[in-house]
Amino acid sequence: MTAHSVRITVNHAAPVPPYEQVRAQLADLISVGRLRHGDRLPSVRQLASDLGLANNTVVRAYRELESAGLVRTRRGSGTQVIAPPSIADSKEKLAEQARLFAITARQLNATDEEALAAIRHALASTDSV
């Protein structure tokens, strides 16, 4: 499968910036396996032209994907998917930790709202770390 066989769309009227729409769609395609390790993404110019965007918008989306470790850009060879095979493993680990937290919450007689509030608080406090 090549990146040219997937469809990316941009809603120019949406409050979400176009680069984020492109980044999110590509990240989703990588996470579900529609784009696999080694697949090449369209060139910046090609994707920008196809979507009616400025080249810098696509460059930013690709940079964000690169920062997340999902793609690698090499001068002369373009941008390729390098999604680590551990994405599924990470999701499984997260699900297992969530299950363990749910068991603990039940043992403490916490309501669903209290458990969710504890998770939100923990997530918020790690954002500042």
Could you see if Phe101 belongs to whatever hydrophobic cluster contains Leu123? Use Ile, Leu, Val, Met, Phe, Trp, Tyr and a side-chain cutoff under 4.5 Å. yes
Indicate the atoms forming the closest heavy-atom contact of Gln25 with Arg7, along with that distance. OE1-O, 4.2 Å
For Gln46, does its backbone N or O pair with a side-chain atom of Ser49 as donor and acceptor, under 3.5 Å? no
Would you say Tyr19 and Ile30 are hydrophobically clustered, going by side-chain heavy atoms of ILVMFWY under 4.5 Å? no
Glu64 (side chain) donor-acceptor with Glu20 (main chain) under 3.5 angstrom: no
Would you give the length of the straight line joining atom CG of Leu29 to atom CG of Leu35, rounded to the nearest 0.5 angstrom? 5.0 Å
Interatomic distance, Leu41 atom CG to Leu65 atom CG [nearest 0.5 angstrom]: 7.0 Å
Distance from His37 atom NE2 to Leu70 atom CG, nearest 0.5 Å? 12.5 Å
Arg106 CZ to Thr111 OG1 distance, which is reported to the nearest 0.5 Å: 8.5 Å
Once you round to the nearest 0.5 Å, how far does CG of Leu47 lie from CG of Asn55? 10.0 Å
Indicate the atoms forming the closest heavy-atom contact of Val22 with Ala61, along with that distance. CG1-CB, 3.8 Å
Are Glu96 and Arg99 close enough, and set up right, to give a salt bridge (Lys or Arg N to Asp or Glu O under 4.0 Å), and what steps lead you there? CA-CA 5 Å; Glu96 176 62 15; Arg99 188 181 73 75; 2.9 Å; yes
Quick one, Leu53 and His12 - any side-chain contact, counting heavy atoms below 4.5 Å? yes
Qualifying residue for side-chain contact (heavy atoms from CB on, under 4.5 Å) with Val71, from Glu66, Arg40, Arg63: Glu66
So, taking the atom named CD in Gln21 and the one named OG1 in Thr9, what distance separates them when rounded to the nearest 0.5 Å? 7.5 Å
For His121, I'd like to know if atom NE2 has over 12 heavy atoms of other residues, nucleotides or ligands within 6.0 Å. no
Over all atoms of both residues, closest heavy-atom pair of Val81 and Arg36: CB-O, 3.3 Å
Would the distance check show the side chain of Arg60 and the main-chain N or O of Thr57 forming a donor-acceptor pair, the cut-off being under 3.5 Å? no
Looking only at heavy atoms, which two atoms of Ala115 and Ala105 are closest? And how far apart? CB-CB, 4.0 Å
Test log, rule side-chain contact (heavy atoms from CB on, under 4.5 Å), inputs Thr104 and Leu100: CA-CA 6 Å; Thr104 301; Leu100 294 173; 5.5 Å; no
